[in-house]
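Given the structure is predicted, the values throughout are model-derived calculations rather than measurements. Lettering follows sequence order; numbering is per chain, from 1.
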Amino acid sequence: MVNTLASFWGKPQKAKSSDKKAEAAPKPTDDKISEEEPIAAEKVLQPVKESAKKEVSKAVKRKAAEDDSDEEFEFGEEEAGNRGGGKRRVLEESEDEEKEEEEEMKVEEEKRVEKGKSKIQLMKEKREKMKEEKKDVEMKDVEKEEEEEEEEEGKKLASVFTSKNVSSSSTTKTSGGVVKKSTTLAGKMTKDENLLSEEDMKKDWKPEAPILYQHVCEAFEHIDGISARLEIQQTMTTLFRKIIRTNPSDLINTVYLACNDVAPSYECVELGVGDSFLIKAVTETAGSNSNTIKAKYKELGDLGTVAMSAKSKQKTLGFGMKPKPLLLKDVLQSFRKVAAISGNKSQAVKVQEIKKILVRASGQECKFIIRGLQGKLRIGLARSSVIVALAHAFVLSVPKGVKPMEKWVEGGNYSDNEKFLMDLKNPLGERLEAAVNIVKKGFSECSNFDSIIDTALVHPLCDLSQHCHLTPGTPVEPMLAKPTKSVQEVLKRLNGQRFTCEYKYDGERVQVHLTEDGKVKCFSRNLLNTSDKFPEVPPFVREACESSGVTSFVLDAEVVAYNAVKDILVPFQVLSTRKREMAEGEEAEVKVIVQAFDLMFLNGQSLMAKSLSERRELMKKNFKVVQNKFRFAVSLDAQEDGDTTAIEEFLDAAIKGQCEGLMVKTLDANSQYEPSKRSLNWLKLKKDYLEGMGDSVDLVPLGAYYGKGKRTGFYGAYLLGCYNEEADEYQSVCKCGTGFSDDALQSLMKGLEEAVSESKPSGYVVSDTLEPDVWFSPSQVWEVKAADLSLSSTHKGALGKAGNPERGIGLRFPRFERLRPDKKCEQATNAEQILDMYYNQDSVKGQGGDNDDDDDDLL
DNA sequence: GTCTATTACTGGC
DNA sequence: ATCCGACACATTCGG
DNA sequence: CCGAATGTGTCGGATGCCAGTAATAGAC
């Protein structure tokens, strides 16, 4: 039963995927548990590999050392002083705290129940996990009753999981209804205290010593097994706090690893590693054979897990000296090294480098290393959650070098958030929220964790914005928009406010910066530096603003391919053929025009807090249209009055004008520039979002690919084709991997069981590079929606009829809509129709020639 | 050896 | 890009 | 008045097409 305490993170020991035994045991009923439970526990424990055992012994040790530890330990702030065990630790506590705790327990319980319910659906893997987890909790229940000591232990180490027990006893009922909003948050955070005792630190975290990668992996592992966001976040907070207390210099490394980043995005560092290299590395490390690894990958859907199992297998065989444990920074450095490798033989060298860390890694570590290199940590946590956790950590465990907040209170002009955070009288939960807002803002404006953390380790959070704020030269996270399904919906959202509609251009987002020292830079939507890709943009923009004599700015715009002769915009597909980097003085073949629509910074001043109408006014005042080079997004201002016709007409006009649709934004209320927030204030409206609009086609599934990650055990994507009557054949038109519900995924797979074919059926026109994992003989018709049709080198729709014998037609943004049981395969959309749809697109019609192969010689 | 075709990877949508 | 599902939180509903 | 049901916003992670680029494998 120790196993339930095994993990430091308080996670019930999760049986490894290879271990089906535990899951097989049905959940015992209440009265039986006490008898069966120990057995079940053994079952679970038995197959667990070394690493887990280590955890167990650690836990035991900790338990021994636990006794009197944590009362004295004070974290950053006093209001956090909640107690852990309930009865054992007698600490004076205010009523509030009590309430908070009770409240939180309730929530916890609900969550648990909910979880059990919802997960029953698909996702075999997950389901199994859940069962195990639930059972473990159950077991814990019993332990509690049987063994007082264990109960205490459990609470301390795993308060999250034990709360259920407590609430089931009695405390819950008494909780007064007074508790509101943020109390849950605060409650969680106070509980979090329990996880952090000085003893824990001493045992596992030698002060000053570099942090082990393993520690981070334990947190990852814990997070991986749960889906409750608050708990995930809290786990990270705890991790960060520990690091702040023991070795703050490793904090930055942890953050990078947790975000799966290697450098600030605008530094454009690429790992240059994909599945195939990783497979190679895993194969060689494990001394296995690449086909078995590949097969395993298909089966398990996660290369990390494959690596882990391969590694542990190999470990039992080959034996040697124990390699040095991996440090946090080793891993990060290794990643960076991999990224830096280039040139001749670089592939082999990369693999070599990866192998080097894999050899030193334990199974669990392997898993996360591999996933990390894949660029998918897949842990249910991403950057935005890391930021939240980080903010919490900084409040709850103020770094040593930072003087407590109250010392700063007077003077200075602080934002509301900052003031709120500084006032210790405010409820902790809300102060944490304020801190999150501060850090979020800091990161979105400065997008560099090094700066954020360096600052936060020295200055109090309320001063963060003084050091990390919008600066020309450093990209801001661009504001994004929310898709809208109908004009009605748009109106509903606007709700009587003044708003504007702008054309949504089919180009590439660009953020143009002018720094005080006169340099102009461009950044992409994902903050990569695209200055070299669009060398003409800086001069264009300069020209647009030269008369106004601005000294600095940050401008939001879209770069669009442009045909100056005909004065028409050219589709994205053409824009994307531009070279990534241009030699000095070289002229790009595809001409471009800048369509500006927002201004975030001007002459040393941030405009983000201003309303859109003000920003736009400033933009129009300081920039002017330059023929064929720079202009503003076409827009239409209006007041919401229930009338849809104006918008509809404008939408039509936009599409006629080679645009994708409209962006709709409020002008006054709530119209600040909010980085990266998918704020409701920006809505996007495209014709293919609208019901009954857009290009809908009926296609036949030709084959399928095994799913990965959460799609393991299902087909993750299907290869779809249209019917070519002329030759009685099916031509691939797209793959489709989105649009189906989980249920649909399951039933579609089932429905196609019969159709599975040993080999590629005759009459399928499919590129070799698209070879699916399974083929189907023609059996069903699906309705699929797409935004556009484009010429494709991989897909074969209406092959040879679209102006180029080599190329077929493919779909842009395909998604599954529904099954068409009423149609036979021969009634699927045929090649002729696909061709018509292609030519009926405004973007194709507009482009002079009959085919768009000669697009580029327009001008 | 040099030139070309193929492949893998990244990042735009 | 699109889309779905899960969670957290807010609001409404029913007893 | 409270708990349940319902709605909304956010986040995370599945997956799409297609272009250029760099490195390698293959052809001569």
- Item | Any A:Ser385 side-chain N or O less than 4.0 Å from OP1/OP2 of D:dG12 | yes
- Who are the ring pair (Phe, Tyr, Trp, His ring centres under 6.0 Å) partners of A:Phe572, not counting sequence neighbours? none
- Item | Residue-phosphate contact under 4.0 Å: A:Ser793 side-chain N/O, D:dC18 OP1/OP2 | no
- Phosphate-side-chain proximity, A:Tyr715 and D:dT15, N/O vs OP1/OP2 below 4.0 Å: no
- Message: Tell me the bend of the helix from B:dG1-D:dC28 to B:dC13-D:dG16 as the angle between end helix axes, each from five pairs, rounded to the nearest 10 degrees.
- Response: 10°
- Contact under 4.0 Å: A:Ser384 side-chain N or O vs D:dG12 OP1/OP2: yes
- Between A:Arg229 and A:Val388, is any pair of side-chain heavy atoms under 4.5 Å apart? no
- Note on the structure: Of A:Gln374 and A:Thr769, the one whose closest nucleotide on DNA chain B sits nearer the 5' end is A:Thr769
- side chain to side chain donor-acceptor pair (under 3.5 Å), paired with A:Asp302, selected from A:Lys710, A:Lys708, A:Arg371, A:Lys376: A:Arg371
- Message: Rounding to an integer number of Å, can you tell me how far A:Ile232 CD1 sits from C:dC7 C1'?
- Response: 9 Å
- Are there more than 12 heavy atoms of other residues, nucleotides or ligands under 6.0 Å from atom CD of A:Glu267? yes
- Item | Closest to the A:Lys686 side chain, choosing from D:dC18, D:dA19, C:dA1 | C:dA1
- Task: Provide, to the nearest angstrom, the distance between the CD atom belonging to A:Glu817 and the P atom belonging to C:dC4.
- Result: 9 Å
- Item | chain A contact limits on DNA chain B, taken 5' to 3' with a cut-off of 4.0 angstrom to heavy atoms | B:dA8 to B:dC13
- Under-4.0 Å side-chain N/O to phosphate OP1/OP2 contact, A:Arg493 with D:dG9: yes
- Message: Tell me whether A:Ser576 contacts the main-chain N or O of A:Gln573 through its side chain, where contact means a donor paired with an acceptor under 3.5 Å.
- Response: yes
- From the options D:dT24, D:dG9, C:dA6, select the nucleotide whose nearest atom is closest to the side chain of A:Leu680. D:dG9
- Separation of atom CD1 in A:Ile809 from atom P in D:dC18, rounded to whole Å: 10 Å
- Can you find a pair of side-chain heavy atoms, one from A:Lys533 and one from A:Met582, that are under 4.5 Å apart? no
- Query: Taking the side chain of A:Lys735 as its heavy atoms from C-beta onward, which of D:dA23, D:dC17, D:dT15 lies nearest to it?
  - Reply: D:dC17
- Query: Hey, are the side chains of A:Lys684 and A:Thr484 touching, using non-hydrogen atoms and a 4.5 Å cut-off?
  - Reply: no
- Counting side-chain heavy atoms from CB outward, which of C:dA1, D:dA23, D:dG13 is closest to A:Lys504? C:dA1
- Query: Distance check: side-chain N/O of A:Ser790 vs OP1/OP2 of D:dC17, anything under 4.0 Å?
  - Reply: no
- Query: For A:Lys735, what residues pass the side chain to side chain donor-acceptor pair (under 3.5 Å) criterion, not counting sequence neighbours?
  - Reply: none
- For the side chain of A:Ser741, starting at C-beta, report the closest nucleotide among D:dT15, D:dT24, C:dC4. C:dC4
- Task: Would you indicate whether A:Lys687, at its atom NZ, is surrounded by more than 12 heavy atoms from other residues, nucleotides or ligands within a distance under 6.0 Å?
- Result: yes
- Query: Of the nucleotides D:dA19, C:dA1, D:dG9, which one has an atom closest to the side chain of A:Arg229?
  - Reply: D:dG9
- Message: Check this one for me: any side-chain N or O of A:Arg378 less than 4.0 Å away from OP1 or OP2 of D:dG12?
- Response: no
- Note on the structure: Picking from D:dC18, C:dC4, C:dA1, the nucleotide nearest the side-chain atoms of A:Asp742 would be C:dC4
- Heavy-atom donor-acceptor pair, A:Thr738 side-chain to D:dT15 base, under 3.5 Å: no
- Query: Contact class for A:Tyr689 (heavy atom, under 4.0 Å): base, sugar-phosphate, or nothing?
  - Reply: sugar-phosphate
- CD1 of A:Ile226 versus P of C:dA8: gap in Å, rounded? 10 Å
- Closest nucleotide of DNA chain C for A:Phe740 versus for A:Phe813: which of these residues is on the 5' side? A:Phe813
- Within this structure, what is the CG-to-C1' distance between A:Asn344 and D:dA23, rounded to whole angstrom? 8 Å
- Just to confirm, is there a sub-4.0 Å distance from OP1 or OP2 of D:dA19 to any side-chain nitrogen or oxygen of A:Arg807? yes
- Heavy atoms under 4.0 Å, any strand shown: does A:Ile379 hit a base, just sugar-phosphate, or nothing? sugar-phosphate
- Find the distance A:Leu685:CG to C:dT2:P and express it as a whole number of Å. 12 Å
- Task: Classify the side-chain pair A:Ser790/A:Asp788 by whether it contains a donor and acceptor separated by less than 3.5 Å.
- Result: no
- Message: Taking any heavy-atom pair under 4.0 Å as a contact, classify A:Lys345: base, sugar-phosphate, or nothing.
- Response: sugar-phosphate
- Of A:Ser276 and A:Val269, whose closest DNA chain B nucleotide lies nearer the 5' terminus? A:Ser276
- Message: Taking only side-chain N and O atoms of A:Lys684, does any of them lie within less than 4.0 angstrom of OP1 or OP2 on C:dT2?
- Response: yes
- With a non-hydrogen cut-off below 4.0 angstrom, is A:Lys708 in contact with a base, only sugar-phosphate, or nothing? sugar-phosphate
- Task: Could I get the full list of ring pair (Phe, Tyr, Trp, His ring centres under 6.0 Å) partners for A:Phe443, not counting sequence neighbours?
- Result: A:Phe449
- Task: Identify, with sequence neighbours excluded, every residue that meets ring pair (Phe, Tyr, Trp, His ring centres under 6.0 Å) alongside A:Trp782.
- Result: A:Tyr718, A:Phe816
- For A:Asp275, report the nucleic acid contact type (base, sugar-phosphate, nothing); a contact means any heavy atom under 4.0 Å. sugar-phosphate
- According to a strict under-4.0 Å criterion, is A:Thr794 in side-chain N/O contact with OP1 or OP2 of D:dC18? yes
- Phosphate oxygens OP1/OP2 of D:dT21: is one of them under 4.0 Å from a side-chain N or O of A:Arg580? no
- Are side-chain heavy atoms of A:Leu575 and A:Lys591 found at a separation under 4.5 Å? no
- Query: Is the phosphate of D:dG20, meaning OP1 or OP2, less than 4.0 Å from a side-chain N or O of A:Lys579?
  - Reply: no
- Task: Would you kindly give the CG-to-P distance between A:Leu770 and D:dT15, to the nearest whole Å?
- Result: 15 Å
- Send over the distance from A:Lys533 NZ to D:dG20 C1', rounded to a whole Å. 9 Å
